[in-house]
Amino acid sequence: MDNIFSYVFMRRAFLVAAVIAAVAPCIGVPVVMKRLSAIGDAASHSALAGIALGLVLNSNPVIAKILPINPVLGGVLFAVIAVLGIEFFRTRFGRFSELAAVVVMSAGIGLTAIFSGFITSGSSNLSSFLFGSIVAISDFELYLTLGLGAAVIVVSMLLYKELFYISFDETAAMLSGVPVKTINFVLMVLTAVTVSVAARIVGALMISSLLVIPVAAAMMIAKSYKQTMVLSVVFAEIFTIAGLFASYYLDWRPGGTIVILGVVVLIAVMLLSKKNKS
Amino acid sequence: MLMTVNNMKEILKVDDLCFDYPDISLLRDVSFTVHEGDFLGIIGANGAGKSTLIKLILGLLKKDSGEIRLFTDKIGYVPQKANSFNTDFPATVREVVMANLYKSVGLFKRYKKTDEEKMKNALKRVGLEGYENRMIGKLSGGQQQRVFIARALIAEPELLLMDEPTVGVDAQSVHAIMKLAAELNKQGIAIVMTNHDTPTLVKAANKLLIFCEHGNSEYVARADLTMEQISEIFAGGRAHNHG
Ligand SMILES: Nc1ncnc2c1ncn2[C@@H]1O[C@H](COP(=O)(O)OP(=O)(O)O)[C@@H](O)[C@H]1O
Ligand SMILES: [Mg+2]
């Protein structure tokens, strides 16, 4: 077989994968610590609804001419609305706040199903967002991912101690003057944007796994919040890079390969760290 | 009402405070003052409204009427059952304690070298020197409680609100925590502590706020009272003479 890096699209795929793998835990760690891991699913499925709507509008020649929108932008819009909806519902369910994400995800899935019935041209398009198409990334998507990735990393580094405090003890954070509501809002919007852009690359069905699984694996062995953060990035990089290699040589879908590799490694780490503890 | 001559600076003054939850009538005309150097014990049965009062002072709940005046913004808070947080949260003692430096460090900023010293000093004050790299979830209940006290101390409070700090810890830790509170009080921190373990708290405090069984509250200077008189007030009898 040829050298995997002799293909431009593969080099590009590795670059994008490495960036997303660094970005996902920046969002994933605080989201998991705040016990909001279902938010990734809710946001990605809502993004899918926005993407589907974008594709519907695109497949209508008249609308496509007047208002040619990139479906990803529709995804971002819907995902942002979704996470704001979760914040809205979260307080209303009290202790059962995790219901909020499930309700919003249901709405996302429902809308996706309805919109997908109206996509006339190239229905395979939607499936490329469901499962991702990391090896077929346009220039626009490449720059969008790089720009967004850099922005998410910078913001989450700037807000590192604030995000830690809010995740650990929201009341104490508020009392010491942390702008809790604003930072929660920023985290939600970053999640929405990350998830909808990454949907194109690893797939809407799998992006939330990339947010959560590296963090879950890191938590098994980390001895601090900082270590959790660092190890999550390390795990995410291993999953995506090794997953891409494997998918190339096995000829499996990249998104699925990455996620399954992650699950396998998570289980292995879980078993090994149990042994160490007892 | 209590009438003692006191030249010390006022730290907290509560007047005719009333507060109800939608279907529970709770605090009626609660009044008391905390001066510099005071140790106020708040006594009352479970459900009397002690935690609610603390949350009102902190601004976590909105009062219905009355006045709460704070003369300092350096307030430390040790929440009730601080040790019932998510113990699987991967955080070190260092990370938890330093987080409360937020006010002095500021948004977006990083910790400085001196902040690390402050953290170590706070741990020393609560008797947990050298524990900074331990995971908080792996400590005993009493140690966790002291970490939360250290977290409050690192911001150098003038007023420390401790909500049942001795609940859910072993007997030895109860002793250590009460001793620590007395020490901090001697070092000049005004303390407000709730507890339903009445005798221990009565011994430590110089002022008491007692939520009686019939729902009224009584504010007294501890020195004036015997344990029996306190039980009497608690039961709602007013056959004593104080102030
Ligand atoms: N958020 C709330 N909504 C409604 N009722 C509450 C709430 N929090 C506490 N209560 C009720 O108010 C009463 C006083 O509670 P609390 O202040 O925690 O008492 P204490 O700390 O003295 O044990 C209790 O009956 C409790 O059930
Ligand atoms: Mg209480």
Side-chain angles (χ1 to χ4, degrees), chain A residues 25 28-37 94-95 98 154-183 186 214-232 235 269-270 273 276-277, chain B residues 51 54-55 57-61 70 73-112 115 132-138 144 147-149 151-152 154-157 159 161 163:
Chain A
V29 170
V31 162
V32 169
M33 296 304 144
K34 284 165 68 71
R35 313 183 75 162
L36 283 172
S37 34
R95 290 277 162 125
E98 75 269 17
V154 168
V155 172
S156 51
M157 287 300 114
L158 280 174
L159 290 176
Y160 175 85
K161 70 180 194 310
E162 288 80 1
L163 284 171
F164 166 76
Y165 206 1
I166 288 179
S167 311
F168 183 76
D169 187 340
E170 199 165 290
T171 305
M174 193 172 74
L175 288 173
S176 90
V178 179
V180 172
K181 277 200 172 147
T182 310
I183 290 174
V186 169
V215 184
M219 277 173 70
M220 294 289 152
I221 44 181
K223 298 263 182 294
S224 70
Y225 183 79
K226 195 177 196 171
Q227 274 187 19
T228 309
M229 192 59 109
V230 173
L231 285 172
S232 299
F235 276 122
V269 171
M270 213 179 266
S273 67
N276 282 347
K277 266 175 202 167
Chain B
S51 298
I54 301 265
K55 285 177 190 158
I57 295 169
L58 287 165
L60 295 172
L61 292 169
L70 281 161
D73 60 352
K74 297 194 145 193
I75 304 159
Y77 173 44
V78 181
Q80 181 168 7
K81 294 210 186 114
N83 54 5
S84 75
F85 67 98
N86 176 4
T87 50
D88 289 323
F89 195 108
T92 58
V93 170
R94 166 190 279 104
E95 288 172 321
V96 171
V97 172
M98 285 182 83
N100 205 33
L101 280 171
Y102 179 80
K103 232 177 220 166
S104 67
V105 177
L107 190 68
F108 300 140
K109 303 256 176 56
R110 301 191 148 269
Y111 296 119
K112 295 184 291 279
D115 295 330
E132 58 267 24
N133 292 325
R134 301 279 287 271
M135 286 180 86
I136 184 162
K138 301 255 162 72
Q144 286 170 358
V147 171
F148 284 97
I149 298 172
R151 179 178 79 171
I154 201 171
E156 291 162 21
L159 172 65
L161 307 172
D163 198 356

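Chain letters run A, B, ... following the sequence lines, proteins first and then strands; every chain starts at 1.
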Quiz item: Out of A:T182, A:V178, A:L159, which one pairs with B:L107 under the side-chain contact (heavy atoms from CB on, under 4.5 Å) rule?
Solution: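 Among A:T182, A:V178, A:L159, the one meeting side-chain contact (heavy atoms from CB on, under 4.5 Å) with B:L107 is A:L159.
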
Practice problem: Indicate yes or no: at least one non-hydrogen side-chain atom of A:D169 is less than 4.5 angstrom from one of B:F85. | Solution: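 Of all side-chain heavy-atom pairs linking B:F85 with A:D169, none is under 4.5 Å.
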
Quiz item: Do A:F168 and B:E95 have side-chain heavy atoms sitting under 4.5 Å apart?
Solution: no

Where on [X] is there a heavy atom nearer than 4.5 Å to chain A: the side chain, the backbone, both, or neither?
X      : answer
B:Y77  : side chain
B:L58  : both
B:A155 : neither
B:D73  : neither
B:V96  : both
B:R151 : side chain

Exercise. Determine whether more than 12 heavy atoms belonging to other residues, nucleotides or ligands lie under 6.0 Å from atom NZ of A:K34.
Key: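 Enclosed.
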
Exercise. Count the heavy atoms of every other residue, nucleotide or ligand shown that sit under 6.0 Å from NZ of A:K181, and state whether that count exceeds 12.
Key: no

Practice problem: With a 4.5 Å cut-off on heavy-atom pairs, point out which of A:T228, A:L175, A:T171 contacts chain B the most. | Solution: A:L175

Quiz item: With chain A, which of B:T92, B:I75, B:V93 has the greatest number of heavy-atom pairs at distances under 4.5 Å?
Solution: B:T92

